[in-house]
J.: 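Can you read through this structure? Questions will come right after.
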Amino acid sequence: MIEDGASDQGSVTTVRRVGDTIRRPVGPWTPAVHALLEHLEAAGFDRAPRALGVDGQEEVLSLLHGDPAFTPWPPSLRSADGLVELGHWLRDYHEAVRDFRPPPNARWRQYDGEWKPGMVIRHGDLGPWNSIWDGDRLTGFIDWDFAAPGHAVDDLAQLAWYAVPLRPEAPGRAPDGEARTRLAVLCSAYGERPEAVLDALEELQEREAGRIRRLGAQGIEPWAGFLARGDADEMREEGRWLRENRGALLGGE
C-alpha cells in the first residue's frame, strides 16, 4: 500500500496519499467519474473509491486499503478463489451501475460516443494492477479515469484478458489447460458464457488497437506512449493467439 505522504507514478498518472485520501490530477472527465462514484456510494456499493471532491487541480478520493496485484501475482490472484472474487465484484458493480444515467453533457476520457439504453458505464481499465487486495479479499478497483459507456460483457472480456490471462506471453499466464479452467471459473462467477466473452474480447482488442493508433498518431497521451512501446502490434498478436486457441479455451480441440 502506498505510504501516507508518498507519491506513486503509474503508466498514466501520478497519485499521492494524504491520510486516508488519494489525490490525483483532475481532467475534463472528472465530473462524470465523480457522478458515477457518487451513484455507487448511494447504491451501497462499497468496493470502489468515494469521490470526496476537488482541491485545486487535484481530485480527492477515499483510499482503498490493501495492495495492488502487481507481478509477480499474489497467491490470491493465482487461485480459483481469487477469480471468483473478481467475477463477483464485477457482477455486483454492474448491478449497482445498471440504473446510473450519466449527467447531461458528460465527458469521458477520449470517448466520443454517447450512453444508450442497454449500456453501462464500464470501468475501462480492469487489469490486476488496478485491483486492491487485503489478503485473500478483493477490496475493490481503483483508477476509474477510463470509465465510459459500453456493454457489460466488454468489462468482463477485459478482465479475462488480463486476469486469466488470455495472452500468448504474459506474467502469470497459465498453461492452456489451466487457462481454460480459469476462464470458466471467472465466467461462472460472473454469470456469462465463455463463448460470449471470447467474442467480446476479439472485438475489444480490435477497438483498443485502433484507438491506440488513432490517438497515438495525434500525440495524445497516454496513447502516444502506448503506440511507441508497441502496444497496438502486441494486441494484434494477442488477437491472433486468441483466434488460434479459441477451441482449446472452450474445451474443444
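Since the structure is predicted, the reported quantities are computational estimates derived from the model, not experimental observations. Note that the numbering runs from 1 along the sequence shown for the chain.
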J.: Is a donor on one side and an acceptor on the other found under 3.5 Å between the side chain of Arg213 and the backbone of Leu227?
T.: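 No, because the side chain of Arg213 does not come within donor-acceptor range (under 3.5 Å) of the backbone of Leu227.
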
J.: Could you pull out the closest heavy-atom pair between Val164 and Arg182, with the gap in Å?
T.: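 Taking Val164 first and Arg182 second, the nearest heavy atoms are O-NE, 2.6 Å.
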
J.: I need the Thr139 OG1 to Asp134 CG distance, nearest 0.5 Å.
T.: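 CG of Asp134 is found 5.0 Å from OG1 of Thr139.
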
J.: Is any side-chain heavy atom of Asn130 closer than 4.5 Å to one of His123?
T.: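 Side-chain contact under 4.5 Å: yes.
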
J.: Kindly indicate whether the side chain of Trp73, heavy atoms from C-beta on, has any atom under 4.5 Å from the side chain of Pro165.
T.: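 Contact flag for Trp73/Pro165 side chains = yes.
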
J.: Before accepting this row, confirm whether a basic side-chain N of the pair Asp143/Arg24 lies closer than 4.0 Å to the acidic partner's carboxylate O.
T.: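 Counted as a salt bridge, because a side-chain N and a carboxylate O are separated by less than 4.0 Å.
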
J.: Minimum heavy-atom separation for Pro149 to Met119, with atom names?
T.: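 Looking at all heavy atoms of both residues, the shortest contact is CB-SD, 3.9 Å.
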
J.: Salt bridge check, Arg137 against Asp81: does any charged N sit closer than 4.0 Å to a carboxylate O?
T.: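 No, no charged N to carboxylate O under 4.0 Å.
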
J.: Taking all non-hydrogen atoms of both residues into account, name the closest pair between Ser62 and Leu52 and its distance.
T.: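 Of all heavy-atom pairs spanning Ser62 and Leu52, the closest is N-CD1, 3.8 Å.
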
J.: State plainly whether the residues Asp233 and Arg236 are in salt-bridge range, i.e. N to O under 4.0 Å.
T.: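 Looking at Asp233 and Arg236, the cut-off is met.
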
J.: Answer yes or no: is there a side-chain heavy-atom contact under 4.5 Å between Gln158 and Leu201?
T.: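 A side-chain contact under 4.5 Å is absent here.
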
J.: Hey, are Arg16 and Glu58 close enough for a salt bridge, meaning a charged N less than 4.0 Å from a carboxylate O?
T.: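 Counted as a salt bridge, because a side-chain N and a carboxylate O are separated by less than 4.0 Å.
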
J.: Have Glu238 and Trp161 got a donor and an acceptor in their side chains that come within less than 3.5 Å?
T.: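 Short answer, yes.
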
J.: Classify the ring geometry between Trp144 and Tyr93 as parallel (under 30°), tilted (30 to 60°) or perpendicular (over 60°).
T.: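 Rings of Trp144 and Tyr93: perpendicular, over 60°.
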
J.: Heavy-atom distance under 4.5 Å between the side chains of Pro222 and Phe146, does that happen here?
T.: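 Yes, their side chains come closer than 4.5 Å.
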
J.: Donor-acceptor check, side chain of Glu192 to backbone of Ser188, threshold 3.5 angstrom: yes or no?
T.: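 Answer holds: no.
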
J.: Return the CG to CD distance between Leu249 and Glu195, rounded to the nearest 0.5 Å.
T.: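 It is 11.0 Å, given to the nearest 0.5 Å.
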
J.: Do Tyr190 and His88 get their side chains close enough for a donor-acceptor pair, meaning under 3.5 Å?
T.: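 The criterion, which ignores hydrogens and geometry beyond distance, is not satisfied for His88 and Tyr190.
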
J.: Using the rule that Ile, Leu, Val, Met, Phe, Trp and Tyr join whenever any side-chain heavy atoms are under 4.5 Å apart, tell me whether Leu77 and Leu64 fall into a single cluster.
T.: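 No, Leu77 and Leu64 fall in different hydrophobic clusters.
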
J.: Is there a side-chain contact between Asp199 and Arg246 (heavy atoms, below 4.5 Å)?
T.: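 The answer is yes, as the side chains (C-beta and beyond) meet within the 4.5 Å cut-off.
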
J.: Can Trp129 and Ser131 be counted as having a side-chain donor-acceptor contact under 3.5 angstrom?
T.: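 Result is no, nothing qualifies.
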
J.: Between Asp154 and Arg207, does a side-chain contact (heavy atoms from CB on, under 4.5 Å) hold up when you go through it step by step?
T.: CA-CA 11 Å; Asp154 290 341; Arg207 290 198 305 272; 3.0 Å; yes

J.: Is there a path of hydrophobic side-chain contacts, each under 4.5 Å between heavy atoms of I, L, V, M, F, W or Y residues, that connects Trp241 with Met235?
T.: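 As far as the 4.5 Å side-chain criterion goes, Met235 and Trp241 are connected within one cluster.
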
J.: Does Leu90 belong to the same Ile/Leu/Val/Met/Phe/Trp/Tyr cluster as Ile142, with side-chain heavy atoms less than 4.5 Å apart forming each link?
T.: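 They do not share one cluster, since no chain of ILVMFWY contacts under 4.5 Å joins Leu90 to Ile142.
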
J.: Regarding Glu234 and Arg167, does a basic nitrogen lie under 4.0 Å from an acidic carboxylate oxygen?
T.: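 Looking at Glu234 and Arg167, the cut-off is met.
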
J.: Passes salt bridge (Lys or Arg N to Asp or Glu O under 4.0 Å), Asp8 versus Arg17? Steps please.
T.: CA-CA 9 Å; Asp8 185 35; Arg17 177 180 172 184; over 6 Å; no

J.: Do the non-hydrogen side-chain atoms of Leu37 and Arg50 ever get within less than 4.5 Å of each other?
T.: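 No - every pair of side-chain heavy atoms lies 4.5 Å or more apart.
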
J.: Measure across Asp155 and Gly124 and return the closest heavy-atom pair with its distance rounded to 0.1 Å.
T.: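 Scanning both residues completely, I find the closest heavy atoms to be OD1-N, 3.6 Å.
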
J.: Would Leu40 and Val54 show up in the same hydrophobic cluster when neighbours are defined by side-chain heavy atoms closer than 4.5 Å?
T.: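 No, no single cluster joins them.
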
J.: Please name the pair of heavy atoms, one in Ala51 and one in Leu61, separated by the smallest distance, quoted to 0.1 Å.
T.: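 Reported closest heavy-atom pair: CA-CD2, 3.9 Å.
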
J.: Could you state the interatomic distance from CG (Asp145) to CH2 (Trp108), rounded to the nearest 0.5 Å?
T.: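 If we round to the nearest 0.5 Å, Asp145:CG and Trp108:CH2 are 11.5 Å apart.
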
J.: What's the spacing between Thr21 OG1 and Glu59 CD if we round to 0.5 Å?
T.: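 Between atom OG1 of Thr21 and atom CD of Glu59 there are 11.0 Å.
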
J.: Not counting sequence neighbours, which residues clear ring-ring contact (aromatic ring centres under 6.0 Å, His included) with Trp29? List them please.
T.: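 With neighbours one apart ignored, the set is empty.
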
J.: Would Phe141 and Leu126 count as a side-chain contact (heavy atoms from CB on, under 4.5 Å) here? Give the steps.
T.: CA-CA 8 Å; Phe141 272 80; Leu126 288 176; 3.6 Å; yes

J.: So do Leu183 and Leu166 actually touch side chain to side chain, heavy atoms under 4.5 Å?
T.: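 When only atoms from C-beta onward are counted, Leu183 and Leu166 do touch, with a gap below 4.5 Å.
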
J.: Hydrophobic cluster membership, with links at side-chain heavy-atom distances under 4.5 Å among I/L/V/M/F/W/Y: are Val33 and Phe100 in one?
T.: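 As far as the 4.5 Å side-chain criterion goes, Phe100 and Val33 are connected within one cluster.
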
J.: Which atom pair, heavy atoms only, marks the closest approach of Ala147 to Leu36?
T.: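 Shortest heavy-atom contact: CB-CD2, 4.0 Å.
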
J.: Taking side chain as C-beta onward, heavy atoms only, is Val60 less than 4.5 Å from Val18?
T.: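 They are not in contact (no side-chain heavy atoms under 4.5 Å apart), so the answer is no.
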
J.: Can you measure from CD (Glu221) to OG1 (Thr13) and round to the nearest 0.5 angstrom?
T.: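 Rounded to the nearest 0.5 Å, the CD-OG1 separation comes out at 12.0 Å.
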
J.: Would you check, one step at a time, whether the test side-chain contact (heavy atoms from CB on, under 4.5 Å) holds for Asp67 with Ile132?
T.: CA-CA 5 Å; Asp67 297 301; Ile132 304 297; 5.9 Å; no

J.: Looking only at atom types and distance, does a side-chain atom of Asp4 sit under 3.5 Å from a main-chain N or O of Gly19, one as donor and one as acceptor?
T.: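 Side chain of Asp4 to backbone of Gly19: a pair is present.
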
J.: Who are the side-chain hydrogen bond (donor to acceptor under 3.5 Å, both in side chains) partners of Asp99, not counting sequence neighbours?
T.: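 If we apply the side-chain hydrogen bond (donor to acceptor under 3.5 Å, both in side chains) test to Asp99, skipping adjacent residues, the hits are His39.
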
J.: Rounded to the nearest 0.5 Å, how far does NE2 of His151 lie from CG of Leu204?
T.: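 Going from CG on Leu204 over to NE2 on His151, the span is 12.0 Å.
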
J.: Give a yes or no on whether a salt bridge exists between Glu85 and Arg47, defined as a side-chain N under 4.0 angstrom from a carboxylate O.
T.: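 Yes, this pair counts.
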
J.: For atom CZ of Arg240, decide whether the heavy atoms of other residues, nucleotides or ligands shown that lie under 6.0 angstrom number more than 12.
T.: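 Not buried by this count: 12 neighbours or fewer within 6.0 Å.
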
J.: What do the steps show when you test Ile220 against Arg214 for side-chain contact (heavy atoms from CB on, under 4.5 Å), and what is the final call?
T.: CA-CA 9 Å; Ile220 299 174; Arg214 176 171 53 86; over 6 Å; no

